[in-house]
K.L.:
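Next up is a structure, given as structure tokens.
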2 protein chains.
Amino acid sequence: MGLREKKAQRNRERIVREALALFARHGYEQTTMESIARAAELSPSTLYRCFPSKDLIVLSRFKSYAEEFARVFAACSMKRPVDEALAQAIFTTLEAEDARETETLLVRSIIDKAPVARARLWDYIAEQQRQLCKLLAHRLHAKPDDLRIVLAAQTAMMIAGIAADRWRSTGRKTPSRATAAELMRLIEQQAVVFPRPPAKSVKPARRPARPAPRK
Amino acid sequence: MGLREKKAQRNRERIVREALALFARHGYEQTTMESIARAAELSPSTLYRCFPSKDLIVLSRFKSYAEEFARVFAACSMKRPVDEALAQAIFTTLEAEDARETETLLVRSIIDKAPVARARLWDYIAEQQRQLCKLLAHRLHAKPDDLRIVLAAQTAMMIAGIAADRWRSTGRKTPSRATAAELMRLIEQQAVVFPRPPAKSVKPARRPARPAPRK
DNA sequence: ATGTCAATTGACAGTAACTATCATAATCAC
DNA sequence: GTGATTATGATAGTTACTGTCAATTGACAT
């Protein structure tokens, strides 16, 4: 590997490190690209060459999770039923995220407070959903826009999102994996208030596995 | 109502109308706030007072749908089972969106091409999800962060999102309502590849209602 | 009508995230 | 080493947005 790429890699790492520190200290909006460049000891021009926009600095941390997810899924999607592979990928990715406690919490708290960065993260997640559709479609020999494929992909992302959220909001007391498993259970048992088409004939009066919380 | 508010209202409308026209003509990024102000015949200062940011101009069209959703849901959530009210609200809102063909398509195509605006829309949708959680929680006498509530709210938004997307991507040949109904059916029948916890005991080899599409 | 007061407006100045360009300096290929 | 290539940094510009302040306009009592 060339010496050039090594240097670029080190640059990127230092930028992210220094930027996160500044964001944590003064807030995302208050930190200018110029100050980041100063902290990372390079010119604004170079900074913009590495990260064309400010939010990419924060978002770069999420790419590793996305890559891990795709890797795990690809690894076991051929040996096992799809739903198991999907669940496995969710669990593994979530656990990896839980494991990096301080960094995950830091990055999320920065993002939550910064509307622009937060919005960009949503957009990134939507992109990941599309990627997952492709993976699923390939595995099931279906088209990526098959309704069942789209539904499965979005459900998976939803589960991961809720679980990760909960881990944060409970002060990392609830492991993401447990929440994700619980969500899958709820879905499978239909123990949730699901939207359904308005009663066409009978109302089966579905009985939730757990009684709905009443006052 | 004062004459003052009338004027403000008319201002807002003209701004949105002219801005959408400009966006459609030259693209979102290429249209400057200054040119919008010129087209709407007011100073940039006033424009910024009406719409603190550029994306709010585009997003303002979505607020009506969100309000309609909340209204319909509130209207029938007390008389009927929650899931029916939820489905009804989804259907009504989607049909209203379908009905405004040209405008909906225009706004969506603008947003899809503009990363910043698109990202903001995601953020807005996330906010709506939180609002829906509150509504559901109130109706079911539960806490807004109850897992079942969150799951239900996000599932509802997901269904609406997929349905609206499909209506657009199929050149408005597939009515949103039909897609939404189909999605609800798929969920209820578990005819989808759902993520589930890795097999702990047996593999029941679930049989989808419709055979999975094979090549 | 007219004067008074408050809210709206628009002009101006400033900040910061980008974008484009180009000379200079560091790497690579030989 | 030398020449081609590529990364760097300085500089200038565009644009979204923020803040301030004087001028204007509408609301309202008399």
Side-chain angles (χ1 to χ4, degrees), chain A residues 1-16 18-20 22-23 25-60 110-111 113-121 123-124, chain B residues 1-16 18-20 22-23 25-60 110-111 113-121 123-124:
Chain A
M1 167 185 287
L3 195 146
R4 226 159 199 167
E5 299 170 35
K6 287 250 178 192
K7 207 171 174 180
Q9 192 61 28
R10 227 185 322 244
N11 262 356
R12 288 181 61 89
E13 270 164 32
R14 190 164 57 208
I15 290 172
V16 174
E18 298 296 333
L20 287 185
L22 286 172
F23 292 157
R25 192 158 192 75
H26 310 283
Y28 178 82
E29 327 256 36
Q30 274 61 45
T31 306
T32 73
M33 287 295 264
E34 204 188 320
S35 69
I36 296 174
R38 250 200 316 275
E41 289 171 355
L42 32 79
S43 77
S45 309
T46 317
L47 173 54
Y48 275 107
R49 213 160 278 123
C50 292
F51 294 94
S53 76
K54 200 172 159 184
D55 30 31
L56 285 181
I57 303 178
V58 198
L59 257 51
S60 69
I110 291 170
I111 286 186
K113 286 182 224 147
V116 258
R118 197 180 51 211
R120 268 298 170 89
L121 176 58
D123 202 39
Y124 178 70
Chain B
M1 168 183 290
L3 194 145
R4 227 157 199 167
E5 299 172 35
K6 286 252 180 194
K7 208 171 174 179
Q9 192 61 28
R10 226 183 323 244
N11 262 358
R12 288 180 60 91
E13 273 165 30
R14 188 162 62 206
I15 290 171
V16 175
E18 300 295 333
L20 287 186
L22 286 172
F23 291 157
R25 194 160 191 72
H26 310 279
Y28 177 83
E29 327 256 35
Q30 274 61 44
T31 307
T32 72
M33 287 296 264
E34 204 187 321
S35 69
I36 296 174
R38 251 199 316 275
E41 290 171 357
L42 31 78
S43 76
S45 308
T46 318
L47 173 55
Y48 273 108
R49 215 161 276 124
C50 292
F51 294 93
S53 77
K54 200 171 159 186
D55 31 28
L56 285 182
I57 302 178
V58 198
L59 257 51
S60 69
I110 291 169
I111 286 185
K113 285 181 224 147
V116 257
R118 196 181 51 212
R120 268 296 169 91
L121 176 59
D123 202 39
Y124 178 70

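Just so you know, these numbers use all the heavy atoms, side chains as well, and skip hydrogens, waters and symmetry mates. Bear in mind that the values here come from a model prediction, so they are computed numbers and not experimental data. We name chains A, B, ... by the order of the sequence lines, and we start the count at 1 in each one.
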K.L.:
Which residues pass the side-chain hydrogen bond (donor to acceptor under 3.5 Å, both in side chains) test with A:Ser53, sequence neighbours left out?
P.N.:
A:Asp55
K.L.:
Expressed in angstrom and rounded to an integer, what is the separation of A:Met33 atom CE from C:dT15 atom P?
P.N.:
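Distance, rounded to whole Å: 19 Å.
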K.L.:
Do the non-hydrogen side-chain atoms of A:Thr31 and A:Arg25 ever get within less than 4.5 Å of each other?
P.N.:
no
K.L.:
Check every strand shown and say whether B:Ser35 touches a base, only sugar-phosphate, or nothing at a heavy-atom separation below 4.0 Å.
P.N.:
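Nothing, no nucleic acid heavy atom in range.
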K.L.:
How many Å lie between CD on B:Glu29 and C1' on C:dA17, as a whole number?
P.N.:
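About 13 Å, once rounded to whole Å.
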K.L.:
When you compare the side chain of B:Leu59 with that of B:Ile111, does any pair of heavy atoms fall below 4.5 Å?
P.N.:
yes
K.L.:
Touch check for A:Ser45, heavy atoms < 4.0 angstrom, all strands: base, sugar-phosphate only, or nothing?
P.N.:
base
K.L.:
How about B:Arg118 and B:Tyr28: do any of their side-chain heavy atoms sit closer than 4.5 Å?
P.N.:
no
K.L.:
If each of B:Tyr28 and B:Lys7 is mapped to the nucleotide of DNA chain D with the nearest heavy atom, which maps nearer the 5' terminus, i.e. the 5' end?
P.N.:
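Checking each residue's closest nucleotide, the 5'-ward one belongs to B:Tyr28.
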K.L.:
Is A:Gln9 close to A:Glu5 at the side-chain level, that is, under 4.5 Å between some pair of heavy atoms?
P.N.:
no
K.L.:
Within the structure shown, what part of the strands sits under 4.0 Å from B:Asn11 by heavy-atom distance: base, sugar-phosphate, or nothing?
P.N.:
sugar-phosphate
K.L.:
Chain A on DNA chain D: first and last contacting nucleotide, 5' to 3', under 4.0 Å to a heavy atom?
P.N.:
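That gives a stretch of D:dT5 to D:dA10.
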K.L.:
Describe the nucleic acid contact of B:Pro44 in one word from base, sugar-phosphate, nothing, applying a heavy-atom distance below 4.0 Å.
P.N.:
nothing
K.L.:
For B:Arg4 and B:Ser43, take the nucleotide of DNA chain C holding the closest heavy atom to each; which residue's nucleotide lies nearer the 5' end?
P.N.:
B:Arg4
K.L.:
In this structure, how many angstroms lie between the C1' atom of C:dC18 and the OH atom of A:Tyr48, rounded?
P.N.:
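Nearest whole value for this atom pair: 5 Å.
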K.L.:
If I take atom CG in residue B:Leu42 and atom C1' in nucleotide C:dA11, what distance separates them, rounded to the nearest angstrom?
P.N.:
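After rounding, the reported distance stands at 14 Å.
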K.L.:
If I take atom CZ in residue A:Phe23 and atom P in nucleotide C:dA16, what distance separates them, rounded to the nearest angstrom?
P.N.:
14 Å
K.L.:
Tell me whether A:Arg120 contacts the main-chain N or O of B:Ala119 through its side chain, where contact means a donor paired with an acceptor under 3.5 Å.
P.N.:
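No.
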K.L.:
Between B:Ile15 and B:Glu18, is any pair of side-chain heavy atoms under 4.5 Å apart?
P.N.:
no
